[in-house]
Amino acid sequence: MKTINVSVVTPDGPVYDSDVEMVSTKAQSGELGVLPGHIPMVAPLEIGAVRLKKDGKWEFIAVSGGFLEVRPDQVTILAQSAEKSSDIDVERAQRARERAEQRLHDHKLDHIDFKRAELALQRAINRLAVSERKF
Ligand code: ATP
């Protein structure tokens, strides 16, 4: 089975590095799947899950936006933050979701704070979704 090396890097350091059969990400243009031999490209990512097929099984990483770079034998994901599903603190994400929901109910929020709360809510919901898909 052909594989491609995938590394996920954040400002805090590397989160993942492995050879996989396929990687699928949430690009701004839509779901983007990369197989070995994919043409080189760069794409901005949304808050979402990175799905990796390794030894026939799927692994999941939550990422909070960033960039995907595809080179002939290597995929690099540069993310603002990234957590493997098993590293996600579920209670922390639940608290973050509640805080963000509370803020969004506050009608005094200006545009910037509204956007900030909306993104915090998306990050929390994404972490909770990815945490349910342990690896
Ligand atoms: P919080 O309000 O709980 O800090 P956040 O969405 O504002 O959530 P980020 O700014 O995206 O947090 O991330 C800050 C750091 O904390 C990053 O290193 C990220 O990987 C980590 N992190 C955030 N939430 C969680 C979580 N639920 N489980 C594990 N790590 C987390």
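Source: prediction; values computed, not measured. Ligands are counted one by one from 1 in listed order, and the atoms in each one are counted from 1 as well.
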Quiz prompt | Proximity to ligand 1 by part of Asp87, non-hydrogen separation under 4.0 Å | solution = backbone

Self-check item: Check: Glu21 side chain, Asp55 main-chain N or O, donor-acceptor pair, under 3.5 Å
Solution: yes

Quiz item: Looking at ligand 1, does any of its N/O atoms fall within less than 3.5 Å of an N/O of Ser64?
Solution: no

Practice problem: Note the single closest protein heavy atom to atom 17 (C) of ligand 1, along with its residue, its atom name and the distance in Å. | Solution: Ser81 CB, 4.0 Å

Quiz item: For atom 10 (O) of ligand 1, is some protein heavy-atom partner under 4.0 Å away?
Solution: no

Practice problem: Considering the heavy atoms of Asp89, write down every atom of ligand 1 situated less than 4.0 Å from one of them. | Solution: 26 (C), 27 (N), 28 (N), 29 (C)

Quiz item: Looking at atom 21 (C) of ligand 1, what's its closest protein heavy atom, distance included?
Solution: Arg92 NH2, 3.9 Å

Quiz item: Between Glu118 and Leu104, which heavy-atom pair has the shortest distance, and what is it?
Solution: N-CD2, 4.0 Å

Practice problem: Considering the heavy atoms of Arg99, write down every atom of ligand 1 situated less than 4.0 Å from one of them. | Solution: 1 (P), 2 (O), 3 (O)

Quiz prompt | Any donor-acceptor pair under 3.5 Å from Asn126 side chain to Ala62 backbone | solution = no

Exercise. Verify the neighbour count for atom CD of Gln102: are there more than 12 heavy atoms of other residues, nucleotides or ligands below 6.0 Å?
Key: no

Exercise. Note the single closest protein heavy atom to atom 19 (C) of ligand 1, along with its residue, its atom name and the distance in Å.
Key: Glu83 OE2, 3.2 Å

Quiz item: Going by atom types alone, do Ser81 and Arg127 pair a side-chain donor with an acceptor below 3.5 Å?
Solution: yes

Quiz prompt | Any side-chain heavy-atom pair of Glu83 and Val15 under 4.5 Å | solution = no

Quiz item: atom 18 (O) of ligand 1: which protein heavy atom is closest, and how many Å away?
Solution: Asp12 OD2, 3.1 Å

Quiz item: Under 3.5 Å, is there a donor-acceptor pair between the Asn5 and Asp73 side chains?
Solution: no

Quiz item: What protein heavy atom sits nearest atom 6 (O) of ligand 1, and how far off is it?
Solution: Arg123 NE, 2.6 Å

Quiz item: When you measure from atom 12 (O) of ligand 1 to every protein heavy atom, which one gives the shortest distance, and what is it?
Solution: Arg127 NH1, 3.7 Å

Self-check item: Glu101 and Arg99 ion-paired at < 4.0 Å
Solution: no

